[in-house]
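Indexing begins at 1, ligand by ligand and atom by atom, following the structure's order. FYI, the numbering just counts along the sequence from 1. The structure presented is a predicted model; accordingly, all values stated were derived computationally and were not measured. All values below come from the heavy atoms of this structure, side chains included, with hydrogens, waters and symmetry mates left out.
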Amino acid sequence: MSCYADHLSTVAARFDEALAATGFDAVIIYAGQPRYAFQDDNPYPYRVNPLFKYWLPLSHSPGSALYYQPGHKPMVLLYQPRDFWHAQAVIEEGEWQQYVDLVVVDDNAKIAGHLGDKLKRAVLLGEDFAEPAMSWPVAERNPQALLDYLHYQRAIKTSWEIDNLRIANQYASRAHVAARDAFFAGASELAIQQSYLAAINAREIDMPYNNIVALNDHGAILHYDIYQAQAAQPVRSFLIDAGAYYNGYCADITRTYSVEKNGFFPELISAMDGKQRGLIETIRVGQNYADLHRDQHWNTAHLLHDFGLVNGSVESIVANGYSRLFFPHGLGHLIGLQVHDVAGHMKNPQGELHDRDPLHPFLRLTRTIEENQVFTIEPGLYVIDQLLEPYLGHADFNWQRIDELRPYGGVRIEDSVVAKASGVPENLTRDAFAQLNID
Ligand code: GLY
Ligand code: MN
Ligand code: MN
């Protein structure tokens with residue numbers, strides 16, 4: 001069986017189980033359609049319903065739907081309007097077409113007619129803010145119990161999904177190298193972003209999230225995405241957090257660079273790199289991800305201590321919560337069809353959640369690690385004045401050292417890893433860079 005066929009049979013089996021457990025007969029998964037800006041006839045960029053692309057490697061077929069009833073072949077109602085205003089994305093011959101009943105409709109109002117009474121037994125999964133989905137006479141719309149079940153299962157990736165994530169990392173790493181080269185050539189943030197996209201023939205709407213392209217102190221703004229068109233003067237540092245899609249699966253990679261080859265900041269990057277790699281080496285199935293996040297706070301405290309940013313012992317830095325001022329975000333998140341993949345806090349398919357630690361409100365993943373979960377490991381250390389403000393002048397902090405780091409923004413290093421049944425995880429990101437002969 002091919003990898004995709006195997007994936008499809010796993011997805012079907014997961015839907016069978018989820019539908020049986022929640023008491024529904026069938027689903028219609030709507031791919032969604034573009035939304036329009038207020039009082040405007042220009043749409044926002046379209047994003048496909050992730051549950052649609054879970055079944056099919058189709059991300060550019062708005063208005064289409066997939067109908068699935070356990071025990072039957074999925075039916076794909078592919079919307080291909082006759083429209084002289086717009087081009088249609090070309091649907092290439094693909095393996096998926098062997099495993100579905102394919103119905104091409106030129107008017108998506110015809111989907112309901114085609115399904116007839118089947119629609120009444122089906123649950124709608126997807127957006128229904130507009131016609132045709134708004135009027136479909138379905139049994140229920142987006143029932144939480146069914147979504148919980150399906151979302152919980154999505155954390156464990158099939159081999160086909162892992163292949164897609166591997167390739168997404170290969171694309172993104174190639175673009176990262178182009179961006180790095182543009183940075184060292186003195187380019188502006190905007191020009192670096194353009195180099196990134198050009199390296200993989202992508203446009204901004206092809207990115208899974210807004211790339212973070214940050215020179216100097218902009219690196220301390222966690223989701224910085226206002227690209228300056230002027231080159232920075234002087235240029236010191238570069239933090240880039242940027243991804244790519246492959247078959248609808250996401251890469252999410254961060255790297256940090258320094259213009260200076262020696263000194264405080266390049267040493268901090270290298271120390272963070274060592275801590276990040278070391279932490280990944282410790283990952284094993286059965287651990288809780290929240291514990292890894294806490295382990296990273298000890299790593300951060302060591303860095304704050306060793307680089308002289310905070311006074312006192314490593315223990316006191318952790319106990320006083322100072323590591324959270326410099327590393328306020330989570331260690332990472334599940335990744336797959338969505339960059340922040342769903343169900344990061346779920347304890348079981350019934351929708352029970354893991355308790356959240358109020359000290360770590362931004363942590364997106366608190367699940368127990370299982371084989372073939374794919375998640376990011378993205379520790380950071382930044383000078384964020386808003387968080388340090390309450391401590392200004394406090395003797396526990398080395399303000400001179402903090403002032404020295406501020407113009408560099410901060411450091412983040414982010415890889416995606418696959419948890420293995422035993423031993424260390426597969427690092428999709430480092431492996432992709434290694435193929436390019438980049439460490
Ligand atoms: N790029 C968003 C994140 O790293 O989570
Ligand atoms: Mn991430
Ligand atoms: Mn990221």
Side-chain angles (χ1 to χ4, degrees), residues 47 50 154-155 157 165-166 168-177 179-180 189 192-193 196-197 200 202 204-215 218-227 237-246 249-257 269 272-273 275-277 279-280 283 289-290 292-293 296 300 326-345 360-367 369 373-382 384 409-419 425 427-430 432-433:
R47 287 214 183 215
R154 263 174 54 191
K157 271 42 184 190
L165 289 162
R166 195 176 285 121
N169 272 272
Q170 288 163 4
Y171 276 107
S173 59
R174 224 165 67 211
H176 267 260
V177 171
R180 180 203 65 181
E189 292 168 344
I192 295 172
Q193 162 78 342
Y196 185 96
L197 297 173
I200 49 173
E204 287 193 334
I205 57 171
D206 299 325
M207 295 290 106
Y209 56 93
N210 282 349
N211 289 347
I212 295 160
V213 178
L215 295 176
H218 294 159
I221 302 168
L222 299 178
H223 283 171
Y224 177 86
D225 60 1
I226 299 176
Y227 315 124
S237 58
F238 176 37
L239 187 153
I240 174 165
D241 181 342
Y245 275 125
Y246 185 74
Y249 286 81
C250 304
D252 177 9
I253 302 177
T254 309
R255 290 293 182 266
T256 311
Y257 304 100
I269 296 174
M272 178 64 88
D273 192 63
K275 297 283 187 212
Q276 193 256 18
R277 287 173 192 256
L279 191 70
I280 290 173
I283 296 172
Y289 190 91
L292 277 179
H293 172 83
Q296 178 54 35
T300 305
F326 295 86
F327 171 42
H329 58 76
L331 178 65
H333 48 85
L334 294 169
I335 187 165
L337 290 162
Q338 292 164 264
V339 64
H340 295 153
D341 223 5
V342 286
H345 299 298
H360 301 280
F362 302 115
L363 180 58
R364 296 176 193 272
L365 182 52
T366 49
R367 278 175 76 152
I369 296 172
Q373 276 181 1
V374 183
F375 45 78
T376 67
I377 297 289
E378 48 181 304
L381 193 164
Y382 323 81
I384 302 176
V411 183
R412 179 163 70 256
I413 295 171
E414 175 176 24
D415 295 339
S416 291
V417 304
V418 186
N427 191 319
L428 299 175
T429 311
R430 301 265 178 184
F433 278 112

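- Under the 3.5 Å distance criterion, with hydrogens and angles disregarded, no donor-acceptor pair is assigned to the side chains of Asp225 and Tyr209.
- Between Leu222 and Pro328 there is a side-chain heavy-atom pair separated by less than 4.5 Å.
- Metal site remark for the Mn ion (ligand 2): His340 contributes no N, O or S atom at a distance under 2.8 Å.
- Taking the ring pair (Phe, Tyr, Trp, His ring centres under 6.0 Å) definition, one finds that Tyr224 meets it with His218, sequence neighbours left out.
- Between His223 and His340, the ring-plane angle classifies as parallel under the 30° and 60° cut-offs.
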Enumerate, one pair per line, all nitrogen or oxygen atoms of ligand 1 lying under 3.5 Å from a protein nitrogen or oxygen, stating the separation to 0.1 Å; write 'none' if no such pair exists.
from     : atom 1 : to     : atom 2 : distance (Å)
ligand 1 : 1 (N)  : Asp241 : OD1    : 3.1
ligand 1 : 1 (N)  : Asp241 : OD2    : 3.1
ligand 1 : 1 (N)  : Asp252 : OD1    : 3.2
ligand 1 : 4 (O)  : Asp241 : OD2    : 3.3
ligand 1 : 4 (O)  : Asp252 : OD1    : 3.4
ligand 1 : 4 (O)  : Asp252 : OD2    : 3.1
ligand 1 : 4 (O)  : Glu378 : OE1    : 2.9
ligand 1 : 4 (O)  : Glu378 : OE2    : 3.4
ligand 1 : 4 (O)  : Glu414 : OE1    : 3.2
ligand 1 : 4 (O)  : Glu414 : OE2    : 3.2
ligand 1 : 5 (O)  : His333 : NE2    : 3.1
ligand 1 : 5 (O)  : His340 : NE2    : 2.7

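- Open room surrounds OH on Tyr171; 12 or fewer heavy atoms of other groups in view lie less than 6.0 Å from it.
- Nearest heavy atom pair, residue Gly332 against residue Leu363, reads O-CD1, 4.3 Å.
- A donor-acceptor pair shorter than 3.5 Å cannot be found between the side chains of Arg47 and Gln338.
- Heavy atoms only, all atoms of each residue included: Pro50 and Leu337 are closest at O-CD1, 3.5 Å.
- Inspection of the environment of the Mn ion (ligand 3) yields the following protein N, O or S atoms under 2.8 Å: Asp241 OD1, Asp241 OD2, Asp252 OD1, Glu414 OE1.
- By the 4.5 Å heavy-atom criterion applied to side chains, Tyr246 and Asn169 are not counted as neighbours.
- Residues passing the ring pair (Phe, Tyr, Trp, His ring centres under 6.0 Å) test with His176 are Tyr196, sequence neighbours excluded.
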